[in-house]
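Worksheet for the structure shown next.
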Amino acid sequence: MPRLIVIKGTDEGKQFPLTGELISIGRDSSSRVRLTDTESSRRHAELIRTPDGYRIRDVGSANGTYVNSQSIRDVLLQPGDQVQIGQTILVYTLEQGESPPKSDLADRISLITRQDVELSSAIVKTIGELEGSRIMAHPDQVDGPWQRSAQALGVLYEATQLISHTLDLTQLLDRLLDLVFRTLDADRGCVLLRTSEAPQEAPVSSSEFEPRAVRWRDPRQSGEKLSVSRTLIDHVLRERKGILVSDALRDERFQAVQSIVRSGIREVICVPMKGRHQTLGVLYLDTTTPANELVASRQLGKFTGDHLSLAIAIAHQAALAVEETRYHQAMMNAERLAAIGQTVAALSHHIKNILHGLQFGGEMVEKGLQEKDEGLLLQGWKLVSRNQGRIQELVKDMLSYSKEREPNIEPTDLNALVQDVVELMQSRAREAGVELLTHLDDTLPIVPVDPEGIHRALLNIVTNAIDAVEGSEAAKVVVSTSQEASWARLQVKDNGPGIPADKLNDLFRPFVSTKGSRGTGLGLAVSRKILREHGGDIVVRSEPGEGSLFTLRLPLRSPLADPQRTMSEIPTVAPPPD
């Protein structure tokens, strides 16, 4: 599903899924994409769905609508496009794996087969499919006149590989400078990025940039200050061109630039880091080699035009990586805010129900005291006590679900553990009119588990089963134990109404409850978490009208009992179903 994600502005982090034929954007309360930006109009723009995707159209807004920094009236959006409305910037994206609408290219290409051509006689030369990656990774091993070009391509290939595996911006820029220094014979270098506060549509200048990475070839100079000429950077930003200065000290254009004269800078490469839509930064490199050393080594200079081309290509890739990193961070922030919002909404719902119960029980207690009615007093106190227990259970479930814990493994008799849970729940089952039975496997060996954790998980499942069959005719819940190959199994079977197929996928999601106000929506999520901490899982089978079967699988030999295993090595994939 396409969506707009706010990456800058008062609504930063919000996501707007796009569905429907016509979607309005603006401050008006009826807008599907509602912004709080005071510089947006009440009805600012609208999105129109077409076979090729969504088009955005300005509807006479006061401050205009911009796509990729260009003022627009009506334009088709492409994935990655930046939409600016007032001071708000939104990115148009598609879901991962989703493709833009298809064009008619397939209809314009025809694959033909000719039987009368002997293909092998027409092939002049062949090359293996792995040669492409070998050539790019090891260009020095390429023979032929294009070896130099292959080496440059190899550098860009390495830069691409680096960019695709690094999301931390500081680490990315440091590694890119490492690559640049291995490729170009620079003495000093740095990367300056545009500050996030700089206006997107304003002309760029050096005052809007801040250093984010720096490098000296000689480690002994790393404590020195690197002076970078604002004149050079402003020239690059104003002209939108990378520059190569071969002899800065003799170049009349820069003789008045004190930072160049004072630092003894001989050569400079300064290139803009142009992303998809704007200049994000500057890559600066220089040499301070004295002229007499260059003459003695018969070099005219360390930098050439090829080096300038390579530097601007690397800078462009770095800019794309910076954009991707910022998009990724915006997506993460948006997802985090969405998760927080869902959690707060779900918790508010459950806490509100509990508070209502406490309030009602408190009122009954107060009335019982006033009327000296012992029956009403006891009834109200039971209600208060029950809701206090619900608060305690909710807090326990929240702590269990949110906290990473390593189970306290000890040899455990699972049959005895089941008997304890069943005895604990017998009174609750009798009140609900449910027959609670056990079928235990006497051959089940002692299993290394965390008895407290498994007790809690099984108690959750049994409680849910009793609640599910309460009120049913001949209601029954059976708790059994067995073993299968290398697994121990605890099974809870009920003859209740069953679970619809469309609900099974959501069964273990946090704050999803089929028990209404009686449940916290965390019990099953916590139970599965406990089982997976042991290297096991919970498997569910259910058919509407035929009841449900919950199987808790545990390894007979716990991976946590092996001191060579760490928590990160414990499998979290569910074992195969029966």
Side-chain angles (χ1 to χ4, degrees), residues 340-403 420-437 452 455-477 479 492 494-499 503 506-527 547-548 550:
I340 291 172
Q342 291 172 358
T343 303
V344 169
L347 279 175
S348 299
H349 173 72
H350 291 299
I351 292 172
K352 181 182 69 175
N353 289 332
I354 293 173
L355 289 176
H356 282 165
L358 283 171
Q359 183 180 6
F360 185 56
E363 290 173 353
M364 291 179 67
V365 169
E366 185 177 355
K367 188 174 182 181
L369 288 171
Q370 290 174 350
E371 299 178 0
K372 297 182 180 180
D373 186 335
E374 186 176 344
L376 188 61
L377 188 63
L378 289 174
Q379 187 179 358
W381 178 247
K382 282 184 180 180
L383 193 57
V384 170
S385 179
R386 188 182 311 129
N387 281 281
Q388 284 179 334
R390 289 177 62 196
I391 291 175
Q392 190 174 29
E393 289 301 311
L394 176 61
V395 172
K396 283 182 180 179
D397 284 341
M398 288 172 62
L399 290 174
S400 297
Y401 187 76
S402 62
K403 183 180 178 182
D420 186 59
V421 170
V422 170
E423 288 177 9
L424 187 64
M425 295 301 298
Q426 277 294 1
S427 60
R428 168 76 181 89
R430 282 194 294 269
E431 288 178 7
V434 178
E435 186 179 8
L436 181 58
L437 305 173
E452 183 180 343
H455 187 282
R456 180 167 179 76
L458 182 62
L459 187 63
N460 279 335
I461 303 298
V462 173
T463 302
N464 286 347
I466 292 173
D467 290 341
V469 298
E470 185 176 3
S472 301
E473 186 178 350
K476 181 189 294 186
V477 173
V479 186
V492 180
D494 67 66
N495 61 350
I499 304 169
K503 301 290 185 182
D506 295 333
L507 209 55
F508 294 97
R509 285 180 54 196
F511 303 114
V512 174
S513 175
T514 58
K515 296 161 68 174
S517 62
R518 293 182 300 166
T520 66
L522 278 172
L524 286 177
V526 168
S527 298
S548 303
F550 284 73

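- The shortest non-hydrogen separation linking P497 to A468 is CD-O, 3.3 Å.
- Within the 4.5 Å cutoff, no side-chain heavy atoms of N460 are placed close to those of L524.
- The shortest non-hydrogen separation linking G498 to S548 is CA-OG, 3.8 Å.
- V422 pairs in a side-chain contact (heavy atoms from CB on, under 4.5 Å) with only one of the listed residues (L436, L458, L459), which is L436.
- Closest approach of G433 to A475, counting heavy atoms only: O-CB, 3.9 Å.
- Partners of A432 under the side-chain contact (heavy atoms from CB on, under 4.5 Å) rule, at least two apart in sequence or in another chain, are R428, V434, I466, E470.
- Side-chain contact between V462 and V479: present, with at least one pair of heavy atoms (C-beta onward) separated by less than 4.5 Å.
- With a 4.5 Å cut-off on side-chain heavy atoms, V477 and L437 do not count as touching.
- Without hydrogens or angle criteria, S385 side chain to K382 main chain gives no donor-acceptor distance under 3.5 Å.
- N495 contributes a side-chain N or O that, together with a main-chain N or O of K476, makes up a donor-acceptor pair within less than 3.5 Å.
- Checked by atom type and distance alone, the side chain of E435 never pairs as donor or acceptor with a backbone atom of A474 at under 3.5 Å.
- I461 contributes atom CD1, which lies 11.0 Å from atom CG of D494 (distance to the nearest 0.5 angstrom).
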Audit row: L507, F550, side chain to side chain contact (heavy atoms under 4.5 Å, CB included) steps and yes/no: CA-CA 12 Å; L507 209 55; F550 284 73; 3.9 Å; yes
Mind listing the side-chain donor-acceptor pairs of residues 359-373 below 3.5 Å, one per line with the distance, residues two or more places apart or on another chain?
from, atom 1, to, atom 2, distance (Å)
D373, OD1, G375, N, 3.1
D373, OD1, L376, N, 3.1

